[in-house]
Visitor: 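Here it is, the structure, as structure tokens.
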Amino acid sequence: MTEFEKNVFNLVKKIPKGKVATYQILAKKLGNIKLARAVGNALPKNSHFIIIPCHRVVKTSGKVGNYVLGVAKKIKLLHNEGIRIKRGKIADLAKCLYYFN
DNA sequence: ATTATGACCGAAG
DNA sequence: GCTTCGGCCATAA
């Protein structure tokens, strides 16, 4: 597991239930906003070994994005946490975003 | 060292 | 809204 991946997961596991973060926000937190793509690249790698709320990471546009177990599963999990989703997008992204105090 | 790939993003049509 | 394209970066081969 690379250092970069560790950093990504350490951030993701901080996201509280009922909240979400975007790939871009995580990227910025890691030092460079352009890391967004690399972040999405790292998530699927260790999901089999480490328990982390990968489903709480969505796109900046508000669309849920992809998920190891399938988008349907991702939406289901988010919905269980009280997050409203409409046609594959977060109903009110601004209210759900977690900014890493 | 070089190339290709992907859970991304923004601009443009 | 949607699609297409170019640009990003870490990784794997």
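Throughout, a chain's letter reflects where its sequence line sits, starting with A, and its residues are numbered from 1. All values below come from the heavy atoms of this structure, side chains included, with hydrogens, waters and symmetry mates left out.
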Visitor: Taking Lys74(A) for the side chain and Asn66(A) for the main chain, is one N or O donor matched with an acceptor at less than 3.5 Å?
Guide: yes
Visitor: Touch check for Val57(A), heavy atoms < 4.0 angstrom, all strands: base, sugar-phosphate only, or nothing?
Guide: nothing
Visitor: Is Leu35(A) touching bases, backbone alone, or none of the nucleic acid, heavy atoms closer than 4.0 Å?
Guide: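 Sugar-phosphate contact only.
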Visitor: Round to a whole Å and report the spacing from NZ of Lys28(A) to P of dC9(C).
Guide: 15 Å
Visitor: Could you tell me whether Tyr67(A) contacts a base, only the sugar-phosphate backbone, or nothing, with contacts defined as non-hydrogen atoms closer than 4.0 Å?
Guide: base
Visitor: Between the base of dA7(B) and the side chain of Tyr23(A), is there a donor-acceptor distance below 3.5 Å?
Guide: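 Between dA7(B) and Tyr23(A), which were checked side chain against base, a qualifying N/O pair under 3.5 Å is present.
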Visitor: Any Lys/Arg nitrogen of Glu81(A) or Lys19(A) sitting under 4.0 Å from an Asp/Glu carboxylate oxygen of the other?
Guide: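 Salt bridge flag = no for Lys19(A) with Glu81(A).
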Visitor: dC2(C), dC8(C), dC8(B): which one has an atom nearest the side-chain heavy atoms of Lys89(A)?
Guide: dC2(C)
Visitor: Among the candidates dC8(B), dA10(C), dA7(B), find the nucleotide nearest to the side-chain atoms of Lys59(A).
Guide: dC8(B)
Visitor: Check for a donor-acceptor pair, side chain of Asn7(A) on one end and backbone N or O of Glu3(A) on the other, with a separation under 3.5 Å.
Guide: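 Yes, the answer is positive, given that a donor and an acceptor are paired below the 3.5 Å cut-off.
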Visitor: Can you tell me which nucleotide in dA7(B), dA10(C), dG10(B) comes closest to the side chain of Thr60(A)?
Guide: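 The listed nucleotide nearest to Thr60(A)'s side chain is dG10(B).
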Visitor: Report yes if a side-chain nitrogen or oxygen of Asn41(A) is closer than 4.0 Å to either non-bridging phosphate oxygen (OP1 or OP2) of dT5(B); otherwise report no.
Guide: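 Checking dT5(B) against Asn41(A), no side-chain N or O comes under 4.0 Å of OP1 or OP2.
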Visitor: Let me know, please, whether Lys45(A) or Arg37(A) comes out on the 5' side of the other along DNA chain C by nearest nucleotide.
Guide: Arg37(A)
Visitor: Identify whether any heavy atom of Ala38(A) sits under 4.0 Å from a base atom; if not, whether one sits that close to sugar-phosphate; answer base, sugar-phosphate or nothing.
Guide: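 The answer is base, as Ala38(A) lies within the cut-off (heavy atoms under 4.0 Å) of a base atom.
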Visitor: Mark yes or no for whether Asn41(A), through its side chain, and Arg37(A), through its backbone, hold a donor-acceptor pair below 3.5 Å.
Guide: no
Visitor: Within this structure, what is the CG-to-C1' distance between Leu93(A) and dC9(B), rounded to whole angstrom?
Guide: 14 Å
